[in-house]
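Structure, as structure tokens:
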Amino acid sequence: MAENVSKVMPPEVFERLGGGEIAYLRPLRSEDVHRIFPQAPELEPGIKLWALISAEGKPIMLTDTRAAALANASENDLETVSVH
């Protein structure tokens, strides 16, 4: 019986994947912000937020509206994809 092997893409492959032109739009709750944005101030729990993250996983921005994240991506010539 074949073993089911899951592979993880190395960060340097993600960096090249979008060629610096792709960013991920991700819904986020305020209690999870510090995992991606460790420098962020403490936030009240339960707030729905949106994170814009580069293809290699570097945080770009955090906002309370999807529209603001999309506008920032557009201003920086980034193509956005959603992450669930």
Side-chain angles (χ1 to χ4, degrees):
M1 205 175 224
E3 186 177 324
N4 185 4
V5 177
S6 177
K7 294 185 180 185
V8 176
M9 192 177 297
E12 58 274 4
V13 174
F14 276 110
E15 288 178 34
R16 291 189 309 267
L17 185 65
E21 298 176 0
I22 293 179
Y24 298 93
L25 186 60
R26 178 178 178 180
L28 194 62
R29 296 192 60 84
S30 55
E31 48 270 20
D32 298 323
V33 165
H34 283 276
R35 286 186 303 121
I36 299 172
F37 297 88
Q39 74 283 8
E42 288 298 319
L43 299 171
E44 183 178 323
I47 301 171
K48 294 178 184 178
L49 301 166
W50 289 91
L52 187 63
I53 304 165
S54 69
E56 66 269 13
K58 294 179 183 172
I60 298 172
M61 76 169 297
L62 181 67
T63 183
D64 61 345
T65 67
R66 184 176 188 272
L70 288 171
N72 184 278
S74 179
E75 289 171 9
N76 289 291
D77 298 320
L78 297 169
E79 184 73 30
T80 56
V81 295
S82 293
V83 176
H84 302 279

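Positions are given from 1, in the same order as the sequence printed here.
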Pairwise distance OG1(Thr80) to CD1(Ile22) - rounded to 0.5 angstrom: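 The distance works out to 9.5 Å.
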Straight-line distance of Leu49 CG to Met61 CE, nearest 0.5 Å: 10.5 Å
Ignoring hydrogens, what is the shortest heavy-atom contact between [X] and [Y]? Give both atom names and the distance.
| X | Y | result |
| --- | --- | --- |
| Ser30 | Gly46 | OG-N, 3.1 Å |
| Leu25 | Trp50 | CG-CE3, 3.8 Å |
| Tyr24 | Ser54 | CD1-O, 3.7 Å |

Salt bridge (Lys or Arg N to Asp or Glu O under 4.0 Å): pairs with one or both residues in residues 39-53, sequence neighbours excluded: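 Sorted result for residues 39-53: empty, none.
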Listed pairs under 3.5 Å, donor-acceptor, residues 65-73 side chains, sequence neighbours left out:
residue, atom, partner, partner atom, Å
Thr65, OG1, Ala68, N, 3.1
Asn72, OD1, Asn76, ND2, 3.2

CA sep, side-chain torsions, deciding dist, call: Ile36, Arg26, side chain to side chain contact (heavy atoms under 4.5 Å, CB included): CA-CA 11 Å; Ile36 299 172; Arg26 178 178 178 180; 3.5 Å; yes
Test log, rule side chain to side chain contact (heavy atoms under 4.5 Å, CB included), inputs Leu62 and Leu28: CA-CA 9 Å; Leu62 181 67; Leu28 194 62; 4.0 Å; yes
Derivation of the side chain to side chain contact (heavy atoms under 4.5 Å, CB included) call for Asp64 and Ile47: CA-CA 8 Å; Asp64 61 345; Ile47 301 171; 5.6 Å; no
Glu31 CD: over 12 foreign heavy atoms closer than 6.0 Å: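 Correct, the count exceeds 12.
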Heavy-atom donor-acceptor pair, His34 side chain to Gln39 backbone, under 3.5 Å: no
Check: Ile53 and Ile60 side chains under 4.5 Å, non-hydrogen atoms: no
